[in-house]
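Values below: every heavy atom of this structure, side chains too, minus hydrogens, waters and symmetry copies. Worth saying up front: this structure is predicted, and the values here are computed from it rather than measured.
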2 protein chains.
Amino acid sequence: MNNTRFATVVHILAMLADNEGEWLSSDWIASSININPVMVRKELGLLQERGLVVTRKGKEGGSMLQKNSAEISLADVYALVKNADVLGKKNLHTNPNCPIGKQINSELGGLFAKTDGLVSAYLQGITLDEFVRQFR
Amino acid sequence: MNNTRFATVVHILAMLADNEGEWLSSDWIASSININPVMVRKELGLLQERGLVVTRKGKEGGSMLQKNSAEISLADVYALVKNADVLGKKNLHTNPNCPIGKQINSELGGLFAKTDGLVSAYLQGITLDEFVRQFR
DNA sequence: TTTAATCGTAACAACTTTTATTACAATTAA
DNA sequence: TTAATTGTAATAAAAGTTGTTACGATTAAA
């Protein structure tokens with residue numbers, strides 16, 4: 001991946017986990033990451049959809065974790081931000097008249113899936129709680 | 001990763017492995033992938049630097065494998081095309097006055113390195129020979 | 001009831017990365 | 001000498017990423 005979304009979402013969740021029971025505003029979180037608060041709100045929207053955080057609008061609004069931080073894994077974050085396979089994209093339009101071109105995408109498909117599975121399984125074993133505990 | 005370079009380089013190597021001892025032109029290889037031959041030549045240049053292929057210029061020129069396909073692993077390909085970590089980029093400029101902002105990049109650094117290592121180790125165990133053998 | 005803070009979201013701009021393409025000098029086998 | 005090929009620069013086009021502004025809707029508190 002060539003973006004900062006995983007790092008951003010982990011940062012957001014780490015802030016929430018470190019301030020359990022408090023409504024943190026997107027502005028406040030953004031100022032720790034040093035990015036635009038709109039970017040934070042976009043990610044928070046996805047985190048809400050997945051039931052990981054709950055958000056309250058209006059004055060004194062903000063977000064907090066909806067689940068215990070021991071019940072959130074980094075694989076949840078990965079699934080949220082994943083928009084490409086670990087090994088990248090296939091070349092669509094390979095030549096069907098070439099033996100290699102004809103079959104390679106099916107072979108690459110299997111390889112890509114296994115590689116992604118490996119990463120997800122690894123991240124599944126790391127909870128937000130464990131990750132944040134390192135900060136203390 | 002959000003590009004096709006891994007798929008492209010594997011395709012190139014698969015073609016060369018499937019035609020051992022023959023000089024394949026970048027045009028010929030490109031026509032199987034259905035991309036521009038210049039893209040193929042760029043990747044071939046990197047493969048040469050790493051001693052994986054040898055290229056001959058001029059008429060009847062082209063490329064062939066320099067190593068046995070059983071001595072080339074997909075980790076070699078990954079190392080060649082890798083330009084970002086599996087989990088993406090860190091947010092540089094995090095707030096040093098925030099306990100999370102201050103430490104998160106060091107924590108993420110460890111996580112990113114372990115994840116990348118996992119992928120490389122997996123790919124290390126797959127040779128080009130094995131991969132190409134699937135086509136037969 | 002009013003005010004002020006906050007979210008949600010659209011719209012757009014700026015920047016970076018990726019891919020495609022053209023062109024041509026240098027090289028080499030026939 | 002010719003024709004095919006590589007190497008590479010230059011540039012353009014497309015796609016992806018990040019930053020920013022703006023503003024309506026919502027909500028707690030004064």
Could you check how far CE of B:M1 sits from C1' of D:dT17, rounded to whole Å? 18 Å
If you link I, L, V, M, F, W and Y whenever their side-chain heavy atoms are under 4.5 Å apart, who else ends up in the same group as A:W23? A:V54, A:M64
Indicate yes or no: at least one non-hydrogen side-chain atom of B:W28 is less than 4.5 angstrom from one of B:E22. no
Counting the atoms with a prime plus P, OP1 and OP2 as sugar-phosphate, which does B:T4 contact under 4.0 Å by heavy atoms, base, sugar-phosphate, or nothing? sugar-phosphate
Counted 5' to 3', the first and last nucleotides of DNA chain C within 4.0 Å (strictly under) of a heavy-atom of chain B are C:dT18 to C:dA29
How far apart are the closest heavy atoms of B:A14 and B:V132, and which atoms are they? CA-CG2, 3.8 Å
Taking side-chain hydrogen bond (donor to acceptor under 3.5 Å, both in side chains) as the definition, give me every residue that meets it alongside B:N91, ordered by chain and number, with sequence neighbours left out. A:T8
Check whether any side-chain N or O of B:N95 sits under 3.5 Å from a backbone N or O of A:S31 as a donor-acceptor pair, and report yes or no. yes
Please report the shortest heavy-atom distance between B:Q66 and B:V53, naming the atom on each side. OE1-O, 3.3 Å
Atom pair CD/CG of B:E20 and B:D18 - distance to nearest 0.5 Å: 9.5 Å
Could you list by number each residue of residues 48-55 of chain A showing a heavy-atom separation from DNA chain C of less than 4.0 Å, or answer none if no residue does? A:Q48, A:T55
Side chain to side chain donor-acceptor pair (under 3.5 Å): pairs with one or both residues in residues 111-126 of chain A, sequence neighbours excluded: A:K82-A:D116
Report yes if a side-chain nitrogen or oxygen of B:N2 is closer than 4.0 Å to either non-bridging phosphate oxygen (OP1 or OP2) of D:dT17; otherwise report no. yes
Atom pairs and distances, donor-acceptor, side-chain atoms in residues 33-43 of chain A, under 3.5 Å, two or more places apart:
residue	atom	partner	partner atom	Å
A:N34	ND2	B:H93	O	3.0
A:N36	OD1	A:V38	N	3.0
A:R41	NH1	A:S26	OG	3.1
A:E43	OE1	A:R5	NH2	3.1
A:E43	OE2	A:R5	NE	2.8

Of residues 33-41 of chain B, the positions that come close to DNA chain C - non-hydrogen atoms, cut-off under 4.0 Å: B:I35, B:N36, B:V38, B:M39, B:R41
Of all of residues 79-92 of chain B, which get a heavy atom below 4.0 angstrom from DNA chain C, listed by number? B:N83
Sorted by first residue and then second, give each salt bridge (charged side-chain N to carboxylate O under 4.0 Å, His left out) pair with at least one member in residues 55-80 of chain B; sequence neighbours left out. none
Within this structure, what is the NZ-to-C1' distance between B:K42 and D:dT6, rounded to whole angstrom? 14 Å
Partner residues of B:F131 under the ring-ring contact (aromatic ring centres under 6.0 Å, His included) criterion, sequence neighbours left out: B:F135
Using the 3.5 Å cut-off, write out each protein N or O paired with an N or O of nucleotides 28-30 of chain D and the distance between them.
residue	atom	partner	partner atom	Å
D:dA28	O4'	A:K59	O	3.2

Short side-chain donor-acceptor distance under 3.5 Å, B:S32 and B:H11: yes
Could you grab the distance from atom CG of A:L87 to atom CZ of B:F6, nearest 0.5 Å is fine? 4.5 Å
Judged by atom type as modelled, is there a donor-acceptor pair below 3.5 Å linking the side chain of A:T127 to the main-chain atoms of A:E130? yes
Could you pull out all residues at least two apart from A:Q48 that satisfy side-chain hydrogen bond (donor to acceptor under 3.5 Å, both in side chains)? A:T55
For B:G45, answer base if it contacts any base atom (sugar-phosphate contacts may also be present), sugar-phosphate if it contacts only those atoms, and nothing otherwise; contact means non-hydrogen atoms under 4.0 Å. nothing
Please work out if B:S26 contacts a base, only the sugar-phosphate, or nothing of the nucleic acid, heavy-atom cut-off 4.0 Å. sugar-phosphate
Determine whether a donor-acceptor pair (N or O, by modelled atom type, separation under 3.5 Å) exists between the side chain of A:T4 and the backbone of A:A7. no
